[in-house]
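Values in this document were obtained by computation on a predicted structure and should not be read as measured data.
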Amino acid sequence: MRVLGIETSCDETAVALYDTDAGLLGHALHSQAAMHAEYGGVVPELASRDHLARITPLMRSLLGEVPGRSGQDAFDAVAYTAGPGLIGALLVGATFARALAAAHGVPALGVHHMEGHLLCPLLEGTDLAFPFVALLVSGGHTQLIDVRAHGDYRLLGETLDDAAGEAFDKTAKLLGLPYPGGPHVERLAKEGNPEAFDLPRPMTRKPGLDFSFSGLKTAVYYALDENGATNQADVAASFQAAVVDTLAVKCRRALEVTGHERLVVSGGCGANMAVRERLTEVAAAQGARLYCPRMAFCTDNGAMIAFAGALRLMAGETVSHDVRARWPLAELRPPEAA
C-alpha cells in the first residue's frame, strides 16, 4: 500500500509518500520560518494562505520524483493531519487531501499530529517496539506518554503553561535572536557557561511528571535585566541547561514509574543535541535505550503523517476525521477499537 501524507498543522507545508513494503519513497517540505520571522512568530492567516499556495506544487514535485506508479495509481490512500494545530492551516490540508482522495477513488484518513511525532522513530527501521515512554517536546507541546501499544496512550505528565519549545522561542526573543529561536539559543549556548546563572529547574523538587517553563522564562528576563547584554551566551547556556536538567529528571521518573526499557524523544526540541546527549545518559542509567527520529523528522513533516496513516489503514481504520484545533492524544484508541 502506498500512502500519501499531507501535513499543514502550523508553519510547514509537507508531503511524503510511504510504501508499506518498500518504506519511505520520498518527501518534500516548505518551511514558512522566514516569512513569519518578520513578525516574531507564526501569523495564522499568513500560514493558511502559504499552505494553499505551496501544497499543489510540492505534491506534483514529489510524485514526479518518485519512480514507478504514476497518475491515477500513484497512491492507494491519503493521510492528512486532522489536528491539533491552527484551524485554518489544518483546513487547507484536510480539504486538499479529501478532494485528492475523491478524485483518485481512494480513502482519506485523518491523523493525529502528535501520534505522527510519537511513532516517527519507528519509521527509521530500528528495533524500537512497544511499550515505551515518549517525550513529545516541541513549541506547542511538552508531554510524557506511556505508550503501551499502537493507539493505547496514557498521559503521564504535561506542561501546565509554556511548552519547552515555546520557552526557547521566548528566551530567544529576550536575547534579541531571530525566530524560530530554538536553534539560535542552542548555537549561542555553545559559547557560554551553563553554570554562570543559577536558574530554576521547575517542579523537579516536587513529585509527579508535570512540567512548567513560564517561571524559567521570567528568571531569564531578570538575569538579563540585572547583568546586561554582555552575558548573553552565559544566559543562553544556563537556560538550556535548566531545560535539559528538567527534562532529564522527568524522563528518569517516567522510566522508573513505567518500568519500560525504551525512551522515545520526538518533536522540534528533540533536535537539540544537548537534550539528546543528556537523555541518552538518563536512559542508559535506567537500563533503557533512547530512540529519536532523524533530525529532519523532529520538526513537522509529511513522512510521519504518511507512516502513522499507513499503520492505521493497514489495521482497517478509514475514519475521515474533521479537523480539530485541540485534540488530546489520550482520546485516540487502538485501530481495531476506533
Side-chain angles (χ1 to χ4, degrees), residues 10-12 31-43 46-47 135-143 159-205 210-251 265-282 292 295-296 298-300:
C10 189
D11 59 346
E12 276 103 7
S31 172
Q32 301 175 0
M35 177 179 71
H36 295 297
E38 181 180 352
Y39 304 94
V42 176
V43 181
L46 296 181
L135 172 66
L136 302 180
V137 57
S138 66
H141 298 82
T142 301
Q143 297 179 324
T159 184
L160 304 181
D161 40 58
D162 291 354
E166 186 179 0
F168 266 96
D169 285 339
K170 290 180 177 178
T171 294
K173 190 171 184 179
L174 291 173
L175 292 168
L177 300 174
Y179 174 87
H184 296 286
V185 171
E186 182 180 8
R187 282 192 287 270
L188 184 60
K190 294 177 181 178
E191 304 171 9
N193 176 8
E195 299 179 357
F197 294 92
D198 185 19
L199 298 179
R201 275 60 174 165
M203 299 186 71
T204 56
R205 296 183 180 180
D210 286 330
F211 301 88
S212 171
F213 292 104
S214 63
L216 176 57
K217 171 201 64 183
T218 303
V220 170
Y221 171 83
Y222 284 117
L224 285 168
D225 185 54
E226 294 170 3
N227 296 279
T230 57
N231 295 296
Q232 283 193 336
D234 286 347
V235 171
S238 298
F239 163 78
Q240 180 173 268
V243 173
V244 171
D245 285 350
T246 301
L247 296 177
V249 168
K250 300 294 183 172
C251 285
V265 177
S266 193
C269 290
N272 182 294
M273 287 307 300
V275 170
R276 289 191 175 213
E277 291 169 3
R278 182 64 178 283
L279 294 185
T280 297
E281 296 172 358
V282 167
C292 303
M295 290 292 189
C298 284
T299 53
D300 297 347

Between P202 and S212, the two heavy atoms sitting closest are CB-O, 2.8 Å
Kindly say whether D210 contributes a backbone atom to a donor-acceptor pair with the side chain of K250 at under 3.5 angstrom?
yes
| query | Can you tell if the side chain of T159 reaches within under 4.5 Å of the side chain of H141, non-hydrogen atoms only? | reply | no
Rounded to the nearest 0.5 Å, the CD atom of E226 sits from the OH atom of Y221 at a distance of 10.5 Å
When every non-hydrogen atom of C10 is compared with those of D300, the smallest separation belongs to CB-OD2, 4.2 Å
One should read off an interatomic distance between N231 CG and L175 CG, to the nearest 0.5 angstrom, of 11.0 Å
Smallest heavy-atom separation, V235 atom then L199 atom, equals O-CD1, 4.5 Å
Note: A271 and C298 closest approach over all heavy atoms is N-SG, 3.7 Å
Tightest non-hydrogen contact, residues A274 and V244, listed as O-CG1, 3.9 Å
Could you check whether any side-chain N or O of D234 sits under 3.5 Å from a backbone N or O of N193, counting only pairs where one atom can act as donor and the other as acceptor? yes
Separation between CZ (F211) and OG1 (T142), nearest 0.5 Å, reads 6.5 Å
Check for a donor-acceptor pair, side chain of D161 on one end and backbone N or O of F213 on the other, with a separation under 3.5 Å.
yes
Closest non-hydrogen contact found for P194 with A241 is CB-CB, 3.9 Å
Ring pair (Phe, Tyr, Trp, His ring centres under 6.0 Å) filter on F197, not counting sequence neighbours, yields none
Between the CG atom in L224 and the OG1 atom in T171, the distance rounded to the nearest 0.5 Å is 8.5 Å
dist Y179:OH -> Y39:OH (nearest 0.5 Å) comes out at 13.5 Å
Side chain to side chain contact (heavy atoms under 4.5 Å, CB included) with C292: of V265, L135, L279, only one passes, and it is V265
Would a distance-only check, ignoring hydrogens and angles, find a side-chain to backbone donor-acceptor pair under 3.5 Å from H36 to V43? yes
OG1 of T218 to CG of D225, rounded to nearest 0.5 Å, is 12.0 Å
Applied to residues 192-202, the salt bridge (charged side-chain N to carboxylate O under 4.0 Å, His left out) test, sequence neighbours excluded, yields R201-D245
Residues pairing under salt bridge (charged side-chain N to carboxylate O under 4.0 Å, His left out) where one sits in residues 164-193, two or more places apart or in two chains, turn out to be D162-K170, E166-K170
